[in-house]
Enquirer: 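Next up is a structure, given as structure tokens.
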Amino acid sequence: DIQMTQYPSILPAFVGDRVTITCRASQSISNWLAWYQQKPGKAPKLLISDASSLESGVPSRFSGSGSGTEFSLTITTLQPDDFATYYCQQYFNFSWAFGHGTKVEFK
Amino acid sequence: QVQLVESGGSVVQPGKSLKLSCATSGFGFSRYAMQWVRQAPGKGLEWVAVISHDGSKMYYPDSVKGRFSCSRDNSKNTVYLQMNSLRIEDSAVYYCAKDVYGSGSFADHWGQGTPVTVSS
């Protein structure tokens, strides 16, 4: 099974900061990676698919990069609405796995 | 617009069974794979099942394989999750989600979730 290691688990930040979350796969998954945002009590929301494709309607301050085993989600100029938990998910070769999540919280 | 509404969650004793349903609307249901993802209280996301658009292929993680079974009725635009031999660690909010492809990849729309509590 492919394991996803996501870090940091908690990311204290200020409004206006640039933040980066990293996800590492235990083996190459090409670019088969998605990023989700989840707020308390709500369902996850798709932000990015195929490692770097921004979902329609998602602000351009969100971006994804990487391929193979190393991936990152960057939020430039963090907004109050961005304080949430973020998950990566691989979907390579009919297997699925989420990272453990990164909570972006107020510093 | 795309809507997914889960139902069937409840409190159940260990070892018992439960069947969840996810009624959908607003998209061509028979063209898309569907997923079940769960989230234990205060924990992260865990995929539970993926079923192909025509129901011919199902995929499960080892944690539920042999106990959970996913099915769909394309005439009713509904996907199901039959959960047998439930364990305390199966307690979670269960989400159904629409895949973007017919065979299984990532999910672009999610339901609001239905809670399952396994407790004696």
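All of these numbers come straight from a predicted model, not from anything done at the bench. Just so it is clear: chains get the letters A, B, ... in the order the sequence lines come, proteins before strands, and each one is counted from 1.
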Enquirer: Is there a path of hydrophobic side-chain contacts, each under 4.5 Å between heavy atoms of I/L/V/M/F/W/Y residues, joining Val11(B) to Leu18(B)?
Expert: no

Enquirer: What are the two closest non-hydrogen atoms of Gly111(B) and Ala43(A), and how far apart are they?
Expert: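 Shortest heavy-atom contact: O-CB, 3.2 Å.
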
Enquirer: Taking a hydrophobic cluster as the set of Ile, Leu, Val, Met, Phe, Trp and Tyr residues connected by side-chain heavy atoms closer than 4.5 Å, whether directly or through intermediates, do Tyr80(B) and Phe29(B) fall within one such cluster?
Expert: no

Enquirer: Please check if Val100(B) and Val79(B) belong to a single hydrophobic cluster, counting links between Ile, Leu, Val, Met, Phe, Trp and Tyr side chain heavy atoms closer than 4.5 Å.
Expert: no

Enquirer: Counting only heavy atoms closer than 4.5 Å, note whether Val93(B) contacts chain A via side chain, backbone, both or neither.
Expert: neither

Enquirer: Under 4.5 Å between side-chain heavy atoms, counting indirect links through other Ile/Leu/Val/Met/Phe/Trp/Tyr residues: same cluster for Val2(B) and Val50(B) or not?
Expert: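 In one cluster with Val2(B): Val50(B), no.
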
Enquirer: Quick check: closest heavy atoms across Pro44(A) and Leu45(B), and the distance to 0.1 Å?
Expert: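 Heavy-atom minimum between the residues: CG-CD1, 3.7 Å.
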
Enquirer: Which residues satisfy the salt bridge (charged side-chain N to carboxylate O under 4.0 Å, His left out) test with Arg87(B), sequence neighbours excluded?
Expert: none

Enquirer: Any disulfide bond (SG atoms under 2.5 Å apart) pairs touching residues 70-106 of chain A, not counting sequence neighbours?
Expert: Cys23(A)-Cys88(A)

Enquirer: Would you say Val37(B) ends up clustered with Val5(B) if hydrophobic residues are merged whenever their side chains have heavy atoms under 4.5 Å apart, either directly or through other cluster members?
Expert: no

Enquirer: List the residues meeting disulfide bond (SG atoms under 2.5 Å apart) with Cys70(B), not counting sequence neighbours, and say none if there are none.
Expert: none

Enquirer: Heavy-atom cut-off 4.5 Å, strictly under: side chain, backbone, both or neither for Ala97(B) against chain A?
Expert: neither

Enquirer: List the steps, then state whether side-chain contact (heavy atoms from CB on, under 4.5 Å) holds for Phe106(B) with Leu33(A).
Expert: CA-CA 8 Å; Phe106(B) 61 94; Leu33(A) 186 106; over 6 Å; no

Enquirer: Are there any donor-acceptor pairs closer than 3.5 angstrom between chain B and chain A, and if so, which ones?
Expert:
from, atom 1, to, atom 2, distance (Å)
Gln39(B), OE1, Gln38(A), NE2, 2.8
Gln39(B), NE2, Gln38(A), OE1, 2.9
Gln39(B), NE2, Tyr87(A), OH, 3.3
Trp47(B), NE1, Trp96(A), O, 2.4
Tyr95(B), OH, Lys42(A), O, 3.3
Ser105(B), O, Trp96(A), NE1, 2.7
Ala107(B), N, Tyr36(A), OH, 3.1
Ala107(B), O, Tyr36(A), OH, 3.3

